[in-house]
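Beneath this line is the structure, given in structure tokens, with notes to follow.
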Amino acid sequence: AGVPARRRRRRPARQSGIVSLGFHLLWAGRHSPEPWESLSADYRRRIEPWVPIREQAIRVSTGGEDRARRRLEGEALLAAAPRPAFLVGLDERGALWSSEELARQVERWRAEWPHPVVFYLGSDVGLDPALLESCRLRLAFGRMTLPHHLARLVLLEQLYRALSIVAGINYHRATPK
């Protein structure tokens, strides 16, 4: 008997309405250590066939107090964002959405927003209030504080999940109500 053929994962075709949409993940701090980088890279590879995605760590050198550091990080994060952009701050006081709700928002962005969507992740001192004020949307992954490398991985996975829901790919399995 021959060796069974390896099943290839179906790569989604870029759709005309989604090409101009892009995701930018900007976070205050350093690149995450392994294995976080490889896990994040896996989700980036899954997302890229649908939506261009860019990630950037923004590092601010300051030895000052937390409030001053948070302000400087906020200014640097805002300066790094493309314009125009739909700004989303990840904050524990943000909206608590289901994966399906995020998928509906991704569909709206696809249909109505031909510019990048920027997701901000804060450092250990959080996001600056002025930066959060500039955001059109604040999202939370729960009320708990997460380290930025874990929040980044959760965000990437949820973006992939939302795109797979929109595309009708059998990745998301909703809990029966």
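Just so we're clear, the structure is a prediction, and the values are computed from it rather than from any experiment.
Hydrophobic cluster membership is shared by L102 and I169, with clusters built from Ile, Leu, Val, Met, Phe, Trp and Tyr side chains linked at under 4.5 angstrom. One hydrophobic cluster, built from ILVMFWY side chains closer than 4.5 Å, holds both L139 and L163. Hydrophobic cluster membership differs between V118 and V88, with clusters built from Ile, Leu, Val, Met, Phe, Trp and Tyr side chains linked at under 4.5 angstrom. The hydrophobic cluster containing L150 does not contain L96, counting ILVMFWY residues as joined when their side-chain heavy atoms lie under 4.5 angstrom apart, directly or transitively. Under the 4.5 Å side-chain heavy-atom criterion for grouping Ile, Leu, Val, Met, Phe, Trp and Tyr, W97 is connected to Y160 within one hydrophobic cluster.
Atoms NE2 and CG, on H149 and L39 in that order, are 10.5 Å from each other to the nearest 0.5 Å. Rounding to the nearest 0.5 Å places CG of L127 at 9.0 Å from CZ of R93. Here CZ of F86 is found 14.5 Å from NE2 of H24. Values are rounded to the nearest 0.5 Å. Between D91 atom CG and Y120 atom OH the span is 14.0 Å, to the nearest 0.5 Å.
Closest of all the heavy-atom pairs between D128 and G74 is CB-CA, 3.9 Å. Of all the heavy atoms in R70 and P129, the pair that sits closest is NE-CD, 4.1 Å. Counting all heavy atoms, side chain and backbone alike, L77 lies closest to A28 at CD2-N, 4.0 Å. Summarising the geometry of L156 relative to I47, their closest heavy-atom pair is O-CD1, 3.5 Å, with the distance given to 0.1 Å. Counting all heavy atoms, side chain and backbone alike, Q158 lies closest to S99 at OE1-OG, 2.6 Å. For the residue pair L87 and A81, the shortest heavy atom distance occurs at CD2-CB, 4.3 Å.
Between W109 and F23, the angle of the ring planes goes over 60°, which puts this pair in the perpendicular group of the 30/60° scheme.
Residues Y171 and I165 form no side-chain contact, since every pair of their non-hydrogen atoms from C-beta on lies 4.5 Å or further apart. The closest side-chain heavy-atom distance from L155 to F141 is below 4.5 Å. In this structure, C135 and L131 have side chains that are in contact, with non-hydrogen atoms separated by less than 4.5 Å. When side chains are defined from C-beta on, V166 does not count as touching W50, because their heavy atoms never get closer than 4.5 Å. For the pair I58 and E75, the minimum side-chain heavy-atom distance is 4.5 Å or more.
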Exercise for review: Walk me through it: do W27 and E55 pass the test side chain to side chain contact (heavy atoms under 4.5 Å, CB included)?
Suggested key: CA-CA 8 Å; W27 69 92; E55 293 188 273; 3.6 Å; yes
Point to revise | Chi angles and distances behind the salt bridge (Lys or Arg N to Asp or Glu O under 4.0 Å) call for E133, R138 | key: CA-CA 9 Å; E133 281 299 314; R138 293 183 200 178; 3.3 Å; yes
Exercise for review: Just do the side chain to side chain contact (heavy atoms under 4.5 Å, CB included) check on W36 and L153 with the steps written out, would you?
Suggested key: CA-CA 7 Å; W36 299 105; L153 182 62; 3.6 Å; yes
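Between E37 and R152, at least one side-chain nitrogen of the basic residue sits less than 4.0 Å from a carboxylate oxygen of the acidic one, meeting the salt-bridge criterion. One finds no salt bridge joining R104 and E100 here, because no Lys/Arg side-chain nitrogen approaches an Asp/Glu carboxylate oxygen to under 4.0 Å. Taking 4.0 Å as the cut-off between side-chain N and carboxylate O, R161 and E157 count as a salt-bridged pair.
Remark: the backbone N or O of P116 is paired with a side-chain donor or acceptor of W113 at under 3.5 angstrom. With E101 contributing its side chain and S98 its backbone, the two residues share a donor-acceptor pair below 3.5 Å. In terms of modelled atom types and a separation under 3.5 Å, the side chain of R143 and the main chain of E92 share a donor-acceptor contact.
Annotation for R54: atom CZ counts as buried by contact number, over 12 foreign heavy atoms lying within 6.0 Å.
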